[in-house]
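First the structure, in the form of structure tokens, and then the observations on it.
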Amino acid sequence: MPELAGISMIGSYRPERVVTTEELASDLGVDEEWIITRTGIRERRFANSRETVTYMATAAAHSALKAVDMDAREIDVVILTTSTFLAQTPAGAAIVAAELGCHRPGAFDISAGCAGYAHGIGQAAALVNSGQADNVLVIGSEKMSNNVEPGDRSVLPIFGDGAGAAIVNRSSAGHIRRTVWGSLGEYSDMIRQETSWEQFRANPDANSQPYVKMNGTEVFRWATTAVPEIVAEVAKAAGVTLAEIEVFVPHQANARIIDAVARRLGWDDGSVVVADDVRRTGNTSAAALPLAIDDLVLSGRATPGQLALQVSFGAGLSYAGQVFELPPVAEAA
């Protein structure tokens with residue numbers, strides 16, 4: 001087969017602090033089972049002040065590079081996918097590239113909410129296949145705990161922090177198939193920032209700091225109906241049937257959505273390995289897909305080389321997905 005873009009390695013970073021649902025429930029004044037029943041999440045990681053978006057991104061990328069014995073100077077492009085790097089300029093990717101010791105790479109951020117990483121993989125594959133780059137680093141890094149209002153019981157229990165990084169380059173196997181992506185701006189109010197930074201700056205006394213807000217019931221209804229259709233579209237674009245998929249890596253939004261989507265696809269019978277890292281890591285937005293792959297491989301539930309389909313969705317509503325062979329992952333430090 002011709003050499004085309006594939007994922008050669010995934011590295012990850014999980015913050016030190018584990019926050020159990022029992023602890024969070026006590027802080028929020030609700031019962032632990034109330035949260036678990038609605039989300040399926042039993043614990044998540046919250047980053048400390050040292051563990052910034054760029055710190056976690058750098059650590060995850062370093063893990064991947066070390067695993068394949070690649071010098072950071074070989075990286076041509078760094079893509080950071082995040083919605084929680086709060087500086088509008090410069091791009092967080094440039095900071096990460098400098099921390100890694102890359103040599104004058106292209107470096108830019110992608111803001112597509114939870115779907116950012118899958119967008120980044122699509123961009124990286126296009127850069128490699130077109131000859132614009134040989135080695136591309138795609139990183140999803142999020143510090144969601146900074147962007148969720150303390151005490152918001154409808155949102156706070158869902159999210160967690162972390163980072164995952166993928167090295168994309170040419171290979172004779174493990175090809176990334178055609179990316180399917182899209183957006184539904186008419187539903188943008190379902191997952192949003194409230195208030196805007198402009199409103200907050202104009203009158204900070206009357207407006208709270210901008211936080212992530214969601215219409216959870218509407219997101220659940222949309223996802224459980226639309227995501228199976230998107231999955232079918234991703235498989236078709238890749239030239240494979242759903243019966244050929246061995247591993248399904250859905251966005252780790254919450255366990256109830258994952259279970260419902262798997263059931264609609266007929267993959268709740270064990271015939272397909274379904275990632276469920278959300279139960280232990282929470283929804284880490286743009287970091288969710290690589291962290292879920294890391295969990296699957298390190299736990300032994302899935303094996304590098306298996307045919308996988310990943311799909312993610314988030315604010316926008318934006319979505320993206322692709323079929324690829326499951327890559328190896330760096331051992332946890």
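Because only heavy atoms are used, hydrogens play no part in the values below, and waters and symmetry mates are left out as well, while side chains stay in.
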Quick one: are Ile75 and Leu65 in side-chain contact, heavy atoms under 4.5 Å? yes
So Ser141 and Leu80, side chain to side chain contact (heavy atoms under 4.5 Å, CB included) or not? Walk me through it. CA-CA 7 Å; Ser141 183; Leu80 176 62; 4.0 Å; yes
Taking Glu3's backbone N and O only, do any of them form a donor-acceptor pair with Arg170's side chain (distance below 3.5 Å, no angle check)? yes
Rounded to the nearest 0.5 angstrom, the CG-CZ distance for Leu24 and Arg42 is 14.0 Å
Just verifying a value: how many Å separate Lys143 NZ and Met56 CE, rounded to the nearest 0.5 Å? 6.5 Å
Over all atoms of both residues, closest heavy-atom pair of Val247 and Ala302: CG2-CB, 4.0 Å
Do Asp276 and Arg280 sit within salt-bridge range, that is, some charged N less than 4.0 Å from a carboxylate O? yes
Examine distances only and state if a side-chain atom of Ser318 and a backbone atom of Ala112 form a donor-acceptor pair shorter than 3.5 Å. yes
In plain terms, say whether Arg45 and Asp277 are close enough for a salt bridge, that is, a side-chain N and a carboxylate O under 4.0 Å apart. no
So how far is it from Trp34 CH2 to Thr39 OG1, rounded to the nearest 0.5 Å? 9.0 Å
On a heavy-atom basis, the closest approach of Val261 and Pro228 is CG1-CG, 4.2 Å
Less than 4.5 Å apart, side chain to side chain, heavy atoms only: is that true for Gln123 and Trp181? yes
What I want to check is whether the side chains of Thr224 and Arg264 have a donor and an acceptor closer together than 3.5 Å. no
Ser63 side chain to Ala59 main-chain N or O, any donor-acceptor pair under 3.5 Å? no
So, the side chain of Asn135 versus the backbone of Asn169: is there a donor-acceptor pair under 3.5 Å, distance only? no
Give a yes or no on whether a salt bridge exists between Asp161 and Arg17, defined as a side-chain N under 4.0 angstrom from a carboxylate O. no
Can you name the nearest heavy-atom pair linking Gln252 to Val278, along with the distance? OE1-N, 2.9 Å
In the single-linkage hydrophobic clustering (I, L, V, M, F, W, Y; side-chain heavy atoms under 4.5 Å), do Ile158 and Met190 co-cluster? yes
Evaluate the side-chain proximity of Glu244 to Val323: yes if any heavy-atom separation is below 4.5 Å, no if none is. no
Less than 4.5 Å apart, any side-chain heavy atom of Ile245 and any of Trp267? yes
Within-4.5 Å side-chain heavy-atom neighbours: Glu149 and Val155: no
Would the number of heavy atoms belonging to other residues, nucleotides or ligands and lying under 6.0 Å from CD of Glu22 be above 12? no
Hey, is CZ on Arg301 packed in by over 12 heavy atoms from elsewhere, all under 6.0 Å? yes
Given the rule that I, L, V, M, F, W and Y join up when any side-chain heavy atoms are under 4.5 Å apart, are Ile79 and Met70 in one cluster? no
Please evaluate residues Arg279 and Asp259 with respect to the criterion salt bridge (charged side-chain N to carboxylate O under 4.0 Å, His left out), reporting the C-alpha separation (whole Å), side-chain torsions for both, the decisive distance (0.1 Å), and the verdict. CA-CA 12 Å; Arg279 300 180 192 275; Asp259 292 344; 3.2 Å; yes
Report, as yes or no, whether the 6.0 Å neighbourhood of atom NZ on Lys66 holds more than 12 heavy atoms from other residues, nucleotides or ligands. no
Using 0.5 Å steps for rounding, measure from the CZ atom of Phe159 to the CG atom of Asn254. 10.0 Å
Within a 6.0 Å radius of atom OH on Tyr187, are there more than 12 heavy atoms belonging to other residues, nucleotides or ligands? no
Should we count CD of Glu186 as having more than 12 external heavy atoms under 6.0 Å? yes
Checking side-chain polar atoms at under 3.5 Å, does Arg201 have a donor or acceptor matched by the opposite partner on Ser196? no
Check the surroundings of atom CZ in Arg50: do more than 12 heavy atoms from other residues, nucleotides or ligands lie under 6.0 Å from it? yes
Check: Asn283 and Cys114 side chains under 4.5 Å, non-hydrogen atoms: yes
First locate atom CZ of Arg177, then atom CG of Leu309, and finally report the distance between them rounded to the nearest 0.5 Å. 10.5 Å
Any side-chain donor near an acceptor of the partner, Ser26 and Glu23, under 3.5 Å: no
Take the angle between the ring planes of His251 and Phe313 and call it parallel below 30°, perpendicular above 60°, tilted in between. perpendicular
Indicate the atoms forming the closest heavy-atom contact of His175 with Glu325, along with that distance. N-OE1, 3.2 Å
Scanning both residues in full, the closest heavy-atom pair of Gly140 with Ala287 reads O-CB, 3.4 Å
Nearest heavy-atom approach of Ala93 to Asp109 is N-OD1, 2.9 Å
Are Cys102 and Val78 packed together at the side-chain level, in the sense that at least one heavy-atom pair is separated by less than 4.5 angstrom? yes
side-chain contact (heavy atoms from CB on, under 4.5 Å) partner of Trp222, chosen from Leu317, Ile257, Asn215: Leu317
Do we see a donor-acceptor contact under 3.5 Å between the side chains of Thr82 and Glu142? yes
Give the intermediate values and the outcome of side chain to side chain contact (heavy atoms under 4.5 Å, CB included) for residues Leu326 and Ile293. CA-CA 8 Å; Leu326 208 64; Ile293 294 170; 4.0 Å; yes
Roughly how far, to the nearest 0.5 Å, is CG of Leu100 from CD1 of Ile139? 6.0 Å
Determine whether Arg44 and Pro157 make a side-chain contact, defined as any pair of heavy atoms from C-beta on separated by less than 4.5 Å. yes
Can you see whether Glu32 engages Thr21 through a side-chain donor-acceptor pair at a distance of less than 3.5 angstrom? no
